[in-house]
There are 2 protein chains.
Amino acid sequence: MSLKNGVALVAQYPKMPITVDCVIFGFDDNELKVLLIRSDLEKYQGMWSLLGDIVNESEEIDAAAYRVLDQRTGMTDIYLDQVKAFSRPNRHPGGRVITIAYCSLLNIQHHSLKITDNELHWHSVSSITEMAFDHKEILETCHEWLQKMIQENPVGFNLLPDKFSLRELQNLYEAILGVDLDRRNFRKKFATMDLLIDLEEMEEDVPHRPGKLYKFNFEKYNKSSRKWVGIDF
Amino acid sequence: MSLKNGVALVAQYPKMPITVDCVIFGFDDNELKVLLIRSDLEKYQGMWSLLGDIVNESEEIDAAAYRVLDQRTGMTDIYLDQVKAFSRPNRHPGGRVITIAYCSLLNIQHHSLKITDNELHWHSVSSITEMAFDHKEILETCHEWLQKMIQENPVGFNLLPDKFSLRELQNLYEAILGVDLDRRNFRKKFATMDLLIDLEEMEEDVPHRPGKLYKFNFEKYNKSSRKWVGIDF
DNA sequence: TTTTGTTTGTGTAATATTTACATAATATAA
DNA sequence: TTATATTATGTAAATATTACACAAACAAAA
């Protein structure tokens, strides 16, 4: 066996399938949602699972995750991050499969539901008790990841419609973090960060005094060298 | 093909080898160090690489990382975290190999060097220009991970001897973060955190006024529900 | 034994950030 | 017109962060 280029070496390695699983978060009805699909394994009949797929022979894992996302939601330019690999040897009943979990945040309004079929459904994260495979664990890990992420980076905007009120923004933070936030301090925080553009429009069809609508200042965020100061209430 | 338990399904998946690579950080001589081994591939002759190994058929990836660590340093109870998977299809010249990077922090004094052979060496992180495979990229990712980690959690103690002076602790932070810190503010921060136990001993053999020696208050850290307030200078 | 060089140990004032908290205004629904 | 719900807004207190200087301890050299 030659180590000249490692080919012979690699040929002897044990091999196993790798998948990616996407935890696709959305926000609707003041709740954090996750997009799930019915498991196609008899063992998990009726149970819900994350959206995943096998990683192809010459495919980067990031690319595989984007592919899953595109296949399921038709969306391409969305937030996506690698979170963690899960490797329990018997996590898949069909044999050993290592999976790499990705988190994506998407605006439920934006994606024209290919998702009318009842195999795919937005679930309220807080109401999920059981999932196929080890997907509950993966979901929990990704939820914790998101809680941390949203406090350190302005990624929450990816979950909201283009126009949103401060109340909606606060609801988003409260839903993800599972805490109540002080409204005046919350608004002050965002006001000083200069990341919101006042659209000079108001909410409509609300049964109370309507709030102003804002959009996220992407320009500002991308150009600014100024660090996101974080949400820490 | 039955989906009864997914066996047939999994059997058709493309398979690939998985490795773990450990970025083993140490601290010595006021520099952040990383433990590297000479590459055994001809293509990378003379170049240095991370300490890695294949993941066995039924082995958890975490277990594989601990195994690598134990094999190379003889240490078992040390800090280790999964950082990220790297998957560029041609990252290994022998064929497709996905690797999962782990970070470990270890006290160089503690491990009785099995490492006298010249295939294994502690390198100053800042002086490394080139590495085998994509290991430079992995190292950089892990260094950034460590920079973030050490500001959010008191993990730095894993890199220091049992007894250390505040100056050594500060040197550690400065070396990892690549910044200069204000001495009085640094000391004040740690004083208020109550994580250091004054050993009532002094440094010896220093050519200047000796400093007090401290040890890390593990009790305090483990029991306390109080959050680590972070280092943010 | 004195002097020099180096590093330790310590406190305060100025600034910035975080927290807690209440009232008037605007819309819809009844 | 009134009741209900929610928006918009500011201030004072507490806490955290930053910038900064001098005396004391030891070793080494004179």
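No experiment lies behind these values; they were computed from the predicted model shown. All chains are named by letter (A, B, ...) in the order of the sequence lines, taking the proteins before the strands, and each is independently numbered beginning at 1.
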Undergrad: Using whole Å, report how far NZ of K212(A) lies from C1' of dT6(D).
TA: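 Those two atoms, NZ and C1', are 15 Å apart.
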
Undergrad: Would you mind building the protein contact string for nucleotides 21-30 of chain D? One character per nucleotide, 5' to 3', B for base within reach (heavy atoms under 4.0 Å), S for sugar-phosphate only, - for untouched.
TA: B--BBBS---

Undergrad: Looking at dT11(D), does its base get a donor-acceptor pair with the side chain of K188(A) below 3.5 Å?
TA: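 Side chain to base: pair present.
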
Undergrad: Mind checking side chain to side chain donor-acceptor pair (under 3.5 Å) for E144(B) and listing every partner two or more places apart, or none if nothing turns up?
TA: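 By the side chain to side chain donor-acceptor pair (under 3.5 Å) rule, E144(B) matches no residue at all.
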
Undergrad: Expressed as a whole number of angstroms, how long is the span from Q170(A):CD to dT7(D):P?
TA: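 So the CD-P distance, Q170(A) to dT7(D), works out to 9 Å.
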
Undergrad: Taking the six-membered ring for Trp, is the centroid-to-centroid distance between F164(B) and F27(B) below 6.0 Å?
TA: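 No; F27(B) has its ring centre 6.0 Å or more from that of F164(B).
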
Undergrad: Test: salt bridge (Lys or Arg N to Asp or Glu O under 4.0 Å). Region: residues 203-213 of chain A. Which pairs qualify, not counting sequence neighbours?
TA: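 Residue pairs passing salt bridge (Lys or Arg N to Asp or Glu O under 4.0 Å), neighbours aside: D198(A)-K212(A).
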
Undergrad: Nearest whole Å is fine: how far is dT18(D) P from D180(B) CG?
TA: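 In whole Å, dT18(D) P lies 14 Å from D180(B) CG.
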
Undergrad: Rounded to the nearest 0.5 Å, what separates atom CD1 in I18(B) from atom OG1 in T99(B)?
TA: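 That separation rounds to 8.5 Å.
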
Undergrad: How long is the line joining CG of N185(B) and P of dA14(C), in whole Å?
TA: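 Distance check: N185(B) CG to dA14(C) P gives 16 Å.
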
Undergrad: Is it the case that the side chain of E174(A) and the backbone of L181(A) share a donor-acceptor pair, with hydrogens and angles ignored and the cut-off at 3.5 Å?
TA: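 Flag set: sc E174(A) to bb L181(A) pair under 3.5 Å.
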
Undergrad: Can you check the L213(A) CG to dA8(D) C1' distance for me, whole Å?
TA: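 After rounding, the gap between these two atoms is 14 Å.
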
Undergrad: Check the distance between dG9(C)'s P and E203(B)'s CD and give it to me in whole angstrom.
TA: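 To the nearest whole Å, that distance equals 8 Å.
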
Undergrad: Without decimals, in angstroms, what is the distance between E168(B) CD and dT7(C) C1'?
TA: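 Answer to the nearest Å: 13 Å.
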
Undergrad: Over how many whole Å does the gap from R187(B) atom CZ to dT17(D) atom P extend?
TA: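 To the nearest whole Å, that distance equals 18 Å.
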
Undergrad: Relative to each other, are the rings of F190(A) and Y173(A) parallel, tilted or perpendicular (30° and 60° limits)?
TA: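 Rings of F190(A) and Y173(A): perpendicular, as their planes differ by over 60°.
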
